[in-house]
Amino acid sequence: MRQRPKYSIVVPMFNEADNVVPLVRAVRDTIDRIGEWELLVIDDGSTDATGTLADALAAADPRVHVLHLARNYGQTPALQAGFDRASGDVVITMDGDLQNDPEDIPRLIAKLDEGYDLVTGYRVRRKDNFILRTVPSRIANRIIRWITGVSIRDTGCSLKAFRKVILDRMHLYSDMHRFIPVVAATTAGARVVEIPVRHRPRLYGDSKYGLSRVWKVLVDLMVIAMIRSFRERPLVLFAGWSIATAMLGIVSFGIAAIVYLSGGAPPENTLVWPGTGLVWMGLAVYLLMLGLIAEAALAGTRRQSSELLPVVHEAQL
């Protein structure tokens with residue numbers, strides 16, 4: 001029986017038929033020098049020969065595994081599928097377009113062995129289109145650093161190495177793959193570090209990313225910022241909104257009183273402002289109750305975590 005691999009390399013691919021064979025060969029040539037490994041190719045609903053070629057490579061090498069998704073879900077769900085399937089203690093991610101250099105993988109692992117939980121690369125001398133890709137990426141990275149407070153220069157670089165225990169504490173959705181270092185640092189308590197990595201020009205196929213994803217990224221960034229700010233104190237968020245809606249209710253009741261005392265409103269409109277005030281006050285109570293429920297759920301989670309701490313510590317020893 002073959003021993004459990006130490007390293008799991010997760011590579012999502014969508015319509016990369018020309019890249020799949022050279023990528024698997026390059027990864028195999030690099031990681032063979034380090035230790036036991038497995039390569040998980042995630043076929044994200046490709047409509048070309050990507051899945052067929054990957055299956056042929058898996059048939060020739062039992063360390064190569066292919067996961068076929070039913071349709072094109074996007075990079076984040078594809079990565080999460082690979083994380084769920086990975087069995088190594090260390091998980092490495094990279095793009096399937098060969099712009100990441102597999103020769104950088106040993107450097108990521110060496111840095112991880114210094115005591116970090118996540119090592120992420122930042123691309124030097126990028127080979128992408130400067131106007132359409134590099135400039136928007138730099139602007140986005142500055143905004144992300146400013147909003148999240150996590151100092152990562154290149155959140156879009158897919159070449160990363162994780163301890164599996166960190167991935168088990170996270171669940172990715174939407175386009176959250178762009179914010180993995182932020183999510184790991186803020187929700188999983190990961191120790192994160194960056195190292196420079198090489199970036200190569202795309203030789204085959206077309207890029208799957210463009211400016212059309214900007215709005216989706218901005219929405220995800222707002223979610224990350226709220227999680228970072230209120231994860232440990234959800235009642236503060238809900239209470240703030242509750243106070244705001246209660247003030248609107250008070251204003252509505254005040255307007256209703258003024259209209260009633262002035263006698264200038266038609267009879268059919270006399271209940272509009274009181275009704276509006278009741279709606280706002282009901283929403284305020286509802287938000288406050290949601291905050292209390294969130295606090296109670298979080299308290300239970302903290303209690304369970306504290307009970308598990310001695311066991312986790314003993315297992316790590």
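Residue numbers start at 1 and run along the sequence shown. As the structure is a computational prediction, the values presented were derived from the model and not from experiment.
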[Y] side chain reached by [X] side chain, heavy atoms, under 4.5 Å:
| X | Y | value |
| --- | --- | --- |
| T93 | F162 | yes |
| I42 | L79 | no |
| V90 | S8 | no |
| L159 | R107 | no |
| L287 | T245 | yes |
| R200 | D101 | yes |

Quick one about [Y] and [X] (side-chain donor to acceptor, distance below 3.5 Å, no hydrogens or angles considered), yes or no?
| X | Y | result |
| --- | --- | --- |
| T52 | D55 | no |
| N72 | D44 | yes |
| S87 | E38 | yes |

Going through the checks in order, is the side-chain contact (heavy atoms from CB on, under 4.5 Å) test met by I250 and F253?
CA-CA 5 Å; I250 293 172; F253 285 132; 5.5 Å; no
So, for V124 and H199, which heavy atoms are closest and what is the spacing to 0.1 Å?
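The answer is O-CB, 4.1 Å.
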Are D117 and R191 ion-paired here, with the side-chain N under 4.0 Å from a carboxylate O?
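Result for this pair is yes, salt bridge flagged.
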Return a table of donor-acceptor pairs under 3.5 angstrom between the side chains of residues 21-31 and protein atoms on other chains or two or more places apart.
| unit_1 | atom_1 | unit_2 | atom_2 | d |
| --- | --- | --- | --- | --- |
| R28 | NH1 | D61 | OD2 | 3.4 |
| T30 | OG1 | A26 | O | 3.0 |
| T30 | OG1 | E103 | OE2 | 3.3 |

To the nearest 0.5 Å, how far apart are CE in M170 and CD in Q80?
8.0 Å
For T76, give me all partners under side-chain hydrogen bond (donor to acceptor under 3.5 Å, both in side chains), at least two apart in sequence or on another chain.
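Partners of T76 by the side-chain hydrogen bond (donor to acceptor under 3.5 Å, both in side chains) criterion, ordered by chain and then number, come out as H177.
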Backbone of A190 reached by a side-chain donor or acceptor of R169 within 3.5 Å
no
